[in-house]
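Structure, as structure tokens:
What's counted below: heavy atoms across the whole structure, side chains too, no hydrogens, waters or symmetry copies.
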There are 2 protein chains.
Amino acid sequence: MKRTKRERQTALKESINENPFVTDEELSAEFDVSVQTIRLDRMELSIPELRERIKHVAVRTFEDEVKSLPIDEVIGEIIDIELDEKAISIFDVKPEHVFQRNQIARGHHLFAQANSLAVAIMNEELALTVKSELQFLRPVKAGQRIVAKATVIDRQPEKNRAFVKVVSTVDQVTVFIGTFEMYRMTEQSEGEAG
Amino acid sequence: MKRTKRERQTALKESINENPFVTDEELSAEFDVSVQTIRLDRMELSIPELRERIKHVAVRTFEDEVKSLPIDEVIGEIIDIELDEKAISIFDVKPEHVFQRNQIARGHHLFAQANSLAVAIMNEELALTVKSELQFLRPVKAGQRIVAKATVIDRQPEKNRAFVKVVSTVDQVTVFIGTFEMYRMTEQSEGEAG
DNA sequence: CCGCTATTAGCACTTGGTACTAATATCAGT
DNA sequence: ACTGATATTAGTACCAAGTGCTAATAGCGG
């Protein structure tokens, strides 16, 4: 079931995007063309080779692992972080994040972005959320980009607590505000909150 | 400044841990021994080769990225519902829902289960969350089953509002409490909250 | 000096490629 | 049907960063 070059290349792009760990040989089998064709396709699409792809994924994680929580556990992409001070992440709302009915983003995605940013900002091996108050001010729709800004507003080191305020905006309009009481988890005490 | 084999191997472990992207050749220069020695060291310490190390980092990231939040309309399975009154759902915590580090479920999954149950309980075409207060009382780990019970505790029909309380338990122990102020969205007014 | 561990060297082989050249296939237009 | 252009396939040499293996050498303790 061969298709045109154009179609194959589109599919190829997608395929590699979905699974960057695929080799040219596997792709050649998948699309029923020679390995060389796959290579030519990659060149034209400027898709790097397997190892480079893997490396990129890995480097991204590793570099961003700043200190506290790995970025790979964050919902949304962190674009700026000052540990224990403030952090910013962006999250692009896609069709899978909204109610089919009215295209409005489901609340837990806004929460997830804000909450994981609150976790990331903590300058600790691991932090957990203890309490939280949320306000969903305006609906967010598919296609919009949510910018979440987190600020540490209070610290209680003796209690292993910190308070983080997250304000999420779309086009400078505030859509969500959340405050999070965070627990700094030390090595031995794995005992509070989820 | 050569040291003993033992010391070198300890340092080697650390060095690779800090920067998994280092090659044997670079390490050989760093420790002023031959590449073969580095290889022997890696064998003895069972540290995989560069590419495998990178791959591991990448796989970790990639899998986590794919995870995030499920697409399903309702997080968890609703096992009982009385519209406008109460509802129960269960959610099995799987490895993909927890922090790798300590196996504790990430907060947004508890929130997602509770919030989507609060949405479901509303006897309306569609409801949105306006405000919410959460308490994460105990950590939940992979393998546990969360039972969330939602109750409508107050109704304000004139304001299109209802208040829902959700209590989540694992083996009869309360792990999470959330209260949700819900907005009943009528056909024309698609205007509040996310 | 023997024995032992540690270290170094060298070679063949592996994966998943790049870079390049050359042959063939396919199709469109005249 | 023939020409050209594009697309595809084949093949070679080469590379990085290894593994696996054998063998030689160094250093030291008794």
Side-chain angles (χ1 to χ4, degrees), chain A residues 1-67 70-72 77, chain B residues 1-67 96 100:
Chain A
M1 188 84 1
K2 292 209 186 190
R3 284 275 154 263
T4 73
K5 186 180 175 181
R6 201 156 224 86
E7 284 171 315
R8 187 189 57 236
Q9 291 194 343
T10 312
L12 185 77
K13 232 189 269 182
E14 208 182 313
S15 199
I16 292 178
N17 233 324
E18 262 169 42
N19 172 207
F21 302 93
V22 67
T23 65
D24 286 359
E25 206 158 282
E26 288 164 349
L27 289 165
S28 117
E30 183 182 334
F31 293 102
D32 194 28
V33 292
S34 71
V35 180
Q36 282 77 2
T37 303
I38 297 292
R39 309 241 225 251
L40 280 174
D41 284 347
R42 276 200 298 100
M43 310 243 152
E44 286 178 27
L45 301 168
S46 41
I47 296 170
E49 62 163 298
L50 172 74
R51 284 137 169 169
E52 288 307 310
R53 293 193 304 261
I54 291 180
K55 206 168 176 180
H56 273 118
V57 178
V59 165
R60 231 174 45 210
T61 330
F62 195 76
E63 281 184 351
D64 289 348
E65 252 178 34
V66 201
K67 191 178 175 193
I71 281 223
D72 58 36
E77 191 189 345
Chain B
M1 189 85 359
K2 291 209 186 191
R3 284 275 153 263
T4 73
K5 187 181 174 179
R6 200 157 225 83
E7 283 172 315
R8 186 189 57 235
Q9 291 194 343
T10 313
L12 186 75
K13 230 189 273 184
E14 208 182 313
S15 199
I16 292 178
N17 232 324
E18 263 169 41
N19 172 207
F21 301 93
V22 69
T23 65
D24 286 359
E25 206 157 284
E26 286 163 350
L27 289 165
S28 119
E30 182 181 335
F31 293 103
D32 195 27
V33 291
S34 72
V35 180
Q36 282 77 1
T37 303
I38 297 292
R39 310 242 226 250
L40 281 174
D41 284 348
R42 276 200 300 100
M43 309 241 154
E44 285 178 27
L45 301 168
S46 42
I47 297 169
E49 62 164 298
L50 172 73
R51 286 138 169 169
E52 288 308 309
R53 294 194 304 262
I54 291 180
K55 206 169 174 178
H56 274 117
V57 177
V59 166
R60 231 174 48 208
T61 329
F62 191 75
E63 286 183 348
D64 268 11
E65 275 179 10
V66 174
K67 279 172 206 167
E96 62 262 35
Q100 289 164 358

Interface with DNA chain C, restricted to residues 36-51 of chain B and to heavy atoms under 4.0 Å: B:Q36, B:T37, B:L40
Length of the line joining B:L27:CG and D:dG18:C1', which is rounded to integer Å: 13 Å
Point-to-point distance, once rounded to the nearest 0.5 Å, from NE2 of B:H56 to CZ of B:R53: 11.5 Å
Integer-rounded Å distance: C:dG16 P and A:R53 CZ: 11 Å
Length of the line joining A:E52:CD and D:dC15:P, which is rounded to integer Å: 17 Å
A:E25 atom CD: more than 12 heavy-atom contacts under 6.0 Å: no
Single hit among A:I38, A:L50, A:V35 for side chain to side chain contact (heavy atoms under 4.5 Å, CB included) with A:L27: A:I38
Sub-4.5 Å side-chain heavy-atom contact between A:S34 and A:T37: yes
Check: B:E26 side chain, B:T23 main-chain N or O, donor-acceptor pair, under 3.5 Å: yes
Gap between atoms CD1 and P, on A:I54 and C:dG16 respectively (whole Å): 9 Å
Integer-rounded Å distance: C:dG17 P and A:K55 NZ: 14 Å
Point-to-point distance, once rounded to the nearest 0.5 Å, from CD1 of A:I16 to CD1 of A:I47: 4.0 Å
Whole-Å distance separating the NZ atom of B:K5 from the C1' atom of C:dT7: 9 Å
Along DNA chain C (nearest heavy atom to each residue), the more 5'-positioned of A:E25 and B:V35: B:V35
Closest listed nucleotide, where the reference is the side chain of A:R8 and the choices are C:dT8, D:dT8, D:dG18: D:dT8
